[in-house]
Amino acid sequence: MNNTNPLQKKWVVLIAALIMLFFSLKDFDFSELEKFSFKDMLPIILITAFIFLLKTSIFSVILLSIKKLWSKLSKKNE
């Protein structure tokens, strides 16, 4: 792993993660997932969406928009 190209390191990590995922899900019964309701999966969905927004910098845009909207609304009230 003495390679200085970070893209190749990411591929090695991705392949290792896929191999570990394969072995951990080899005996998993996917019919068990049918028992979960939307309420049970909501925290996982929210955390995944938050991480995606944070990684893509969309979260920053959303926060800046809220800040701008808040400043406009507070100026109207004065």
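A continuous path of Ile, Leu, Val, Met, Phe, Trp and Tyr side chains, each step under 4.5 Å between heavy atoms, connects Leu46 with Phe38, placing both in one hydrophobic cluster. Note: the hydrophobic cluster containing Phe59 also contains Ile66 (ILVMFWY, side chain heavy atoms under 4.5 Å, direct or indirect links). Hydrophobic clustering keeps Ile51 apart from Ile62 (ILVMFWY residues linked when any side-chain heavy atoms are closer than 4.5 Å, directly or through intermediates). Cluster membership check: Trp11 shares its hydrophobic cluster with Leu18, using side-chain heavy-atom separations under 4.5 Å among Ile, Leu, Val, Met, Phe, Trp and Tyr. Clustering ILVMFWY residues whenever any of their side-chain heavy atoms sit less than 4.5 angstrom apart, transitively, puts Met41 in the very cluster that holds Leu25.
The closest side-chain heavy-atom distance from Asp40 to Ser37 is below 4.5 Å.
A search for side chain to side chain donor-acceptor pair (under 3.5 Å) contacts involving Lys67 returns nothing, not counting sequence neighbours. Evaluation of the side chain to side chain donor-acceptor pair (under 3.5 Å) rule for Ser31 yields Asp29 as partners, not counting sequence neighbours.
How far CD1 of Ile47 is from CG of Leu42: 10.0 Å, rounded to the nearest 0.5 Å. Atom CD1 of Ile19 and atom CG of Leu14 lie 10.0 Å apart (nearest 0.5 Å). Going from atom CG of Leu63 over to atom CH2 of Trp70 covers 14.0 Å, rounded to the nearest 0.5 Å. Interatomic distance, CG of Leu69 versus OG of Ser74, reported as 9.5 Å (0.5 Å rounding).
Across Ile44 and Thr48, no two heavy atoms sit closer than the pair O-OG1, 2.7 Å.
Counting non-hydrogen atoms of other residues, nucleotides and ligands closer than 6.0 Å to CZ of Phe36 gives a total of 12 or fewer.
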